[in-house]
Amino acid sequence: RIRTFLAAMWPTFFMRVSPASRKALSGSPYENERSEATSPGRSAPARRLELNDAQYAQFVTRLKVLHQVRRQNTRLHNQILQELRRLSQSATPDEAALRARIKALDEQDMHAADELRRAYAMVDEILDARQQARFRLFEDRMERQKLELLMRARNRAGRANTPPRR
């Protein structure tokens with residue numbers, strides 16, 4: 001569930017942030033990066049990568065393909081995991097079926113890695129080395145921010161569910 005949620009939420013970091021949300025996000029160690037994401041015009045990655053007009057159109061298209069590859073492969077991975085969970089919870093698990101699903105999961109993971117590599121190569125074709133490095137760093141920063149937001153939400157939910165101390 002968390003992987004699906006993360007895969008679905010990752011693209012939202014490329015969206016512009018409203019003034020109300022910007023105020024709520026203040027005080028974070030990533031405040032400077034977030035202020036870049038809220039300025040008018042192009043998306044944060046486009047500004048961060050310093051893309052020209054020709055690169056921008058191709059970048060957006062290829063970035064969407066990259067996200068689609070991630071979502072599709074995450075969905076397939078989770079689907080096989082659900083099947084494994086169902087099979088393994090049986091009173092008398094079918095050894096052959098379990099082995100077949102484990103093999104399918106391994107094959108899916110290898111296929112996903114190949115597809116992801118190809119999608120990154122498509123993005124990299126239009127970027128120079130500096131832009132490629134910045135893109136990878138931007139993705140890493142977005143991943144950390146996503147995890148930070150999830151941890152904050154988890155902590156808030158935990159505090160909401162615990163009775164007040166006396």
Side-chain angles (χ1 to χ4, degrees), residues 1-52 55-82 84-85 104-161:
R1 286 183 177 178
I2 290 177
R3 273 190 175 182
T4 304
F5 174 76
L6 294 177
M9 290 303 298
W10 195 87
T12 63
F13 287 105
F14 291 107
M15 297 178 184
R16 292 188 198 138
V17 179
S18 69
S21 298
R22 189 177 316 128
K23 184 176 179 183
L25 294 173
S26 65
S28 166
Y30 304 107
E31 191 168 346
N32 291 335
E33 286 89 358
R34 285 195 177 112
S35 65
E36 287 180 6
T38 61
S39 60
R42 292 187 172 181
S43 66
R47 281 190 308 283
R48 186 61 116 179
L49 301 177
E50 299 174 0
L51 300 174
N52 62 36
Q55 285 178 310
Y56 180 74
Q58 291 179 331
F59 176 76
V60 169
T61 302
R62 294 174 187 202
L63 183 63
K64 286 180 181 179
V65 169
L66 176 63
H67 289 190
Q68 181 181 359
V69 165
R70 280 191 181 133
R71 280 190 305 271
Q72 180 180 1
N73 285 305
T74 299
R75 182 184 54 77
L76 291 171
H77 179 88
N78 289 337
Q79 193 174 20
I80 296 170
L81 284 177
Q82 284 178 345
L84 274 172
R85 191 173 296 115
L105 182 64
D106 291 343
E107 289 172 358
Q108 169 55 35
D109 288 345
M110 287 189 298
H111 177 73
D114 289 342
E115 279 192 334
L116 196 58
R117 212 175 352 267
R118 283 193 297 272
Y120 269 111
M122 287 176 53
V123 171
D124 289 347
E125 284 176 358
I126 59 169
L127 304 175
D128 62 30
R130 183 177 184 207
Q131 290 170 326
Q132 289 175 25
R134 286 182 169 190
F135 177 61
R136 296 307 196 284
L137 293 169
F138 182 84
E139 282 192 311
D140 182 65
R141 186 179 329 100
M142 291 298 102
E143 186 68 25
R144 283 185 280 126
Q145 287 179 2
K146 179 175 54 179
L147 292 174
E148 178 185 303
L149 289 171
L150 284 171
M151 292 306 295
R152 269 196 240 154
R154 181 179 177 200
N155 290 339
R156 285 184 194 140
R159 284 190 299 245
N161 291 333

Side-chain heavy-atom pair [X], [Y] within 4.5 angstrom cut-off:
X: R75; Y: R71; result: no
X: H111; Y: N73; result: yes
X: R136; Y: D140; result: no

What is the distance from atom [atom1] of [X] to atom [atom2] of [Y], rounded to the nearest 0.5 Å?
X: M110; Y: Q108; atom1: CE; atom2: CD; answer: 10.0 Å
X: N78; Y: L84; atom1: CG; atom2: CG; answer: 11.5 Å
X: H77; Y: Q82; atom1: NE2; atom2: CD; answer: 11.0 Å
X: L150; Y: N155; atom1: CG; atom2: CG; answer: 11.0 Å
X: D109; Y: I80; atom1: CG; atom2: CD1; answer: 7.5 Å
X: E115; Y: L76; atom1: CD; atom2: CG; answer: 8.5 Å

For D124 and Q132 the tightest heavy-atom approach is O-NE2, 3.1 Å

On a heavy-atom basis, which atom in L127 and which in F135 lie closest, and how many Å separate them? CD1-CB, 4.3 Å

Check the pair Q68, K64 against side-chain contact (heavy atoms from CB on, under 4.5 Å), reporting the backbone distance first and the verdict last. CA-CA 6 Å; Q68 181 181 359; K64 286 180 181 179; over 6 Å; no

Count the heavy atoms belonging to other residues, nucleotides or ligands that lie under 6.0 Å from CD of Q72, then report whether that count exceeds 12. yes

Decide side-chain contact (heavy atoms from CB on, under 4.5 Å) for F138 and L49; before the verdict, give the C-alpha distance in whole Å, the side-chain angles of both, and the deciding distance to 0.1 Å. CA-CA 9 Å; F138 182 84; L49 301 177; 5.7 Å; no

Can a salt bridge be assigned to the pair E143 and R70 using a cut-off of 4.0 Å between side-chain N and carboxylate O? no

Charged N-O contact under 4.0 Å between E148 and R152: yes

M122 and V69: side-chain contact (heavy atoms from CB on, under 4.5 Å), yes or no, with the steps? CA-CA 12 Å; M122 287 176 53; V69 165; over 6 Å; no

Only counting residues at least two apart or in another chain, list the ones meeting salt bridge (charged side-chain N to carboxylate O under 4.0 Å, His left out) with R118. none

Between V65 and V123, is a side-chain contact (heavy atoms from CB on, under 4.5 Å) present by the stated rule, with each step listed? CA-CA 9 Å; V65 169; V123 171; over 6 Å; no

Partners of Q131 by side-chain hydrogen bond (donor to acceptor under 3.5 Å, both in side chains), sequence neighbours excluded? Q55

Which residues satisfy the side-chain hydrogen bond (donor to acceptor under 3.5 Å, both in side chains) test with D106, sequence neighbours excluded? none

